[in-house]
Structure formats: structure tokens, C-alpha cells
Visitor: 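Dumping the structure here so I can ask a few things about it.
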Amino acid sequence: MVEYITTPNLITEKSFRMIHEEIAATRPDYKFNDPVEKAIITRAIHTTADFEYLDSLTFTHDVIRQIKAVMTQGGTIYTDTHMALSGINKRKLDELGCHYHCYVSDPEIFTYAKAHDITRSMASIEVAAQGDTKKLFVVGNAPTALYKILEMQAAGQLHADAVIGVPVGFVEAKESKEALFESDIPAIVAHGRKGGSNLAAALTNAVLYNLDQIAGD
């Protein structure tokens with residue numbers, strides 16, 4: 001009978017060790033900017049088995065500290081899919097008093113989106129904009145959500161404290177992420193076509209698991 005690891009934390013530890021060994025072997029000159037970015041990028045690779053995130057994940061406008069503020073100061077995380085929300089460690093968010101929502105399947109969102117001829121993801125952003133807490137938007141699927149965030153922010157109709165923008169796909173995925181990267185909104189961006197809800201959740205958790213290493217309240 002084949003022996004294999006059955007303890008979850010040991011599996012994760014071995015995976016992380018293998019990731020860093022492969023980076024050292026294939027990218028000996030690669031340097032992480034700091035321990036927190038290292039933890040975030042490592043978890044992205046762990047989730048996707050894709051080492052391209054060493055180069056494609058970028059961090060703008062002190063985004064990690066901004067995400068910490070949302071998580072620790074009673075803010076709200078808004079996801080564009082239930083898949084992303086299901087992958088985020090809600091027990092830890094509950095301990096911190098951080099709220100979380102995904103509006104995309106709400107009946108009111110269906111009605112509003114149809115009436116205004118927009119996507120449900122866009123309608124969800126309009127609803128989220130009405131909240132009065134700090135806001136982190138976690139987008140792994142819908143480029144239209146990123147465009148709506150950028151549009152409303154520019155019009156003064158929304159204040160996004162931070163965005164994790166990693167939608168996957170072909171139609172506007174790459175372009176929407178580039179627009180987010182070039183904006184003034186603090187963001188974690190996965191350049192190119194790759195991304196997804198699983199990655200969005202992993203990035204959120206990576207920050208959540210390393211709050212004690214991040215400067216600020």
C-alpha cells in the first residue's frame with residue numbers, strides 16, 4: 001500500500017517547501033519584496049500550481065495595509081461569486097468582526113440588472129456602494145465588476161478601499177485588470193488572462209493569515 005500524507009497542515013507545509021525549492025532551483029535570482037508578499041504569492045502558486053504568478057501578481061498603492069484595515073476595522077468584503085466567498089476563511093473574519101457579502105444571486109439583483117440592462121456583477125457593485133463600512137472588493141470572475149468599480153470610483157459614487165482583481169478569461173479580463181492596475185485604487189492584480197475565484201479566495205486568505213506581519217492598526 002502506498003504511504004501518503006494525511007495531515008492537512010503537513011501537506012500544506014510540504015507544498016510550500018516544494019514551491020520555494022523550485023523557485024530557488026529555477027529562479028535563483030528571484031527576490032520577493034517582503035515576507036507578506038512572499039506569503040501571498042506562495043499561496044497563489046500553491047492554489048494554482050502556476051509559477052507565472054511570481055511575475056504576474058502586482059501590488060499597488062499600499063494595498064496590503066489597506067486590506068488589513070478593512071479586515072480589522074469592521075469593514076466589508078464583497079465578492080463577485082459565491083465560489084470566491086466559499087473559499088474565504090469566514091471563521092477568522094467573524095473573529096475580527098469583518099463582514100462579507102456576495103449579492104450576485106439575490107432576487108433583487110436579478111431584477112435590477114434586467115431593468116438596467118447590465119450584468120448582475122455590475123448591479124452588485126452598485127448595491128455594495130451603498131454600504132457605509134470600509135470596502136474590499138474581491139473579483140475573480142467578472143471583468144464588468146472591475147469596470148463598474150472604476151467607473152463609480154471616478155464619479156465619486158463609490159469609495160473602494162482596496163480591490164483584489166483577478167478575473168479569468170478572454171473577454172475584457174486582461175483589459176479590466178490593466179485598467180485597475182493603472183488606477184489610483186489600492187489593488188492586487190493578476191496581469192494577463194489567468195485568475196479565477198479560487199485564486200481570489202486564496203489571495204484574501206493569504207492576507208488574512210498574515211495580518212500580524214502587516215504594519216498598521
Side-chain angles (χ1 to χ4, degrees), residues 8 12 39-40 43-48 50 53 57 63-64 66-113 118-150 152-153 158-169 172-173 176-177 180 185-190 194-211 214:
T12 301
I40 294 170
R43 189 161 290 275
I45 297 170
H46 173 256
T47 298
T48 62
D50 190 339
Y53 288 112
L57 270 184
V63 61
I64 296 172
Q66 296 299 325
I67 293 175
K68 178 180 180 178
V70 175
M71 291 179 171
T72 60
Q73 296 177 24
T76 305
I77 297 173
Y78 298 97
T79 68
D80 68 326
T81 65
H82 289 290
M83 180 182 291
L85 184 58
S86 69
I88 296 172
N89 191 326
K90 291 176 283 296
R91 179 181 60 80
K92 285 189 174 292
L93 293 178
D94 289 340
E95 292 173 356
L96 293 168
C98 181
H99 312 282
Y100 41 84
H101 293 290
C102 179
Y103 292 124
V104 72
S105 295
D106 289 3
E108 296 83 359
I109 293 296
F110 278 91
T111 302
Y112 185 90
I118 59 176
T119 68
R120 286 183 288 131
S121 296
M122 296 170 72
S124 297
I125 300 302
E126 294 196 12
V127 172
Q130 300 170 22
D132 58 1
T133 68
K134 290 181 176 291
K135 298 176 181 66
L136 164 63
F137 291 93
V138 177
V139 181
N141 184 69
T144 57
L146 290 189
Y147 281 131
K148 175 57 72 172
I149 290 167
L150 293 168
M152 294 187 71
Q153 187 97 346
L158 167 68
H159 178 73
D161 293 273
V163 177
I164 294 177
V166 294
V168 61
E172 300 295 341
S176 65
K177 288 183 284 189
L180 175 62
I185 301 174
I188 300 177
V189 176
K194 295 181 180 181
S197 295
N198 61 333
L199 177 63
L203 296 173
T204 307
N205 285 335
V207 178
L208 183 58
Y209 297 153
N210 289 277
L211 289 175
I214 303 169

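One is the number of the first residue; the rest follow in order along the sequence. Note: hydrogens, waters and symmetry copies are ignored here, and every other heavy atom, side chains too, is used.
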Visitor: Mind checking what makes side-chain hydrogen bond (donor to acceptor under 3.5 Å, both in side chains) contact with Asp161, not counting sequence neighbours?
Guide: His159

Visitor: Of all residues at least two apart in sequence or in a different chain, which pass the side-chain contact (heavy atoms from CB on, under 4.5 Å) check with Ala113?
Guide: Ile118, Arg120, Ala123

Visitor: How about CE on Met152, more than 12 heavy atoms from neighbouring residues, nucleotides or ligands closer than 6.0 Å, or not?
Guide: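 Yes, because the 6.0 Å sphere around CE of Met152 holds more than 12 heavy atoms from other groups.
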
Visitor: Side chain to side chain donor-acceptor pair (under 3.5 Å) between His101 and Thr76: does it pass, once the steps are laid out?
Guide: CA-CA 7 Å; His101 293 290; Thr76 305; 5.5 Å; no

Visitor: Under the side-chain hydrogen bond (donor to acceptor under 3.5 Å, both in side chains) test, which residues partner Thr48, sequence neighbours left out?
Guide: none

Visitor: Just by modelled atom types, is the Lys92 backbone N or O under 3.5 Å from a matching donor or acceptor in the Asn89 side chain?
Guide: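 Pair found, side chain donor or acceptor close to backbone of Lys92.
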
Visitor: Got a donor-acceptor contact below 3.5 angstrom from the Gln153 side chain to the Ala160 backbone?
Guide: yes

Visitor: Is the closest side-chain heavy-atom distance between Tyr103 and Glu108 below 4.5 Å?
Guide: no

Visitor: How about Ile125 and Tyr147: do any of their side-chain heavy atoms sit closer than 4.5 Å?
Guide: no

Visitor: Does Asn198 use its side chain to pair, donor to acceptor, with the backbone of Ala84 at less than 3.5 Å?
Guide: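 Pair absent, no side-chain N/O of Asn198 close to backbone of Ala84.
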
Visitor: Show the numbers, then the answer: is there a side chain to side chain donor-acceptor pair (under 3.5 Å) between Thr144 and Ser121?
Guide: CA-CA 7 Å; Thr144 57; Ser121 296; 4.6 Å; no

Visitor: Checking Lys177 side chain against Val189 main chain: does a donor-acceptor pair fall under 3.5 Å?
Guide: no

Visitor: Is any side-chain heavy atom of Val207 less than 4.5 Å from a side-chain heavy atom of Met71?
Guide: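 Yes, close enough: below the 4.5 Å cut-off.
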
Visitor: For residues Ile88 and Tyr100, determine if any side-chain heavy atom of one lies less than 4.5 Å from a side-chain heavy atom of the other.
Guide: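 Heavy-atom side-chain distance check fails, nothing below 4.5 Å.
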
Visitor: Please name the residue in the list Thr204, Thr79, Ile77, Asp80 that meets the side chain to side chain contact (heavy atoms under 4.5 Å, CB included) test with Leu85.
Guide: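 Single pass found, and it is Thr79.
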
Visitor: Do any N or O atoms from the side chain of Lys68 and from the backbone of Ile214 form a donor-acceptor pair under 3.5 angstrom?
Guide: yes

Visitor: Quick one: does Leu203's side chain get under 4.5 Å of Leu57's, heavy atoms only?
Guide: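 A side-chain contact exists here, since the closest heavy-atom pair is under 4.5 Å.
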
Visitor: Mind checking whether Leu96 and Leu211 have side chains closer than 4.5 Å, heavy atoms only?
Guide: yes

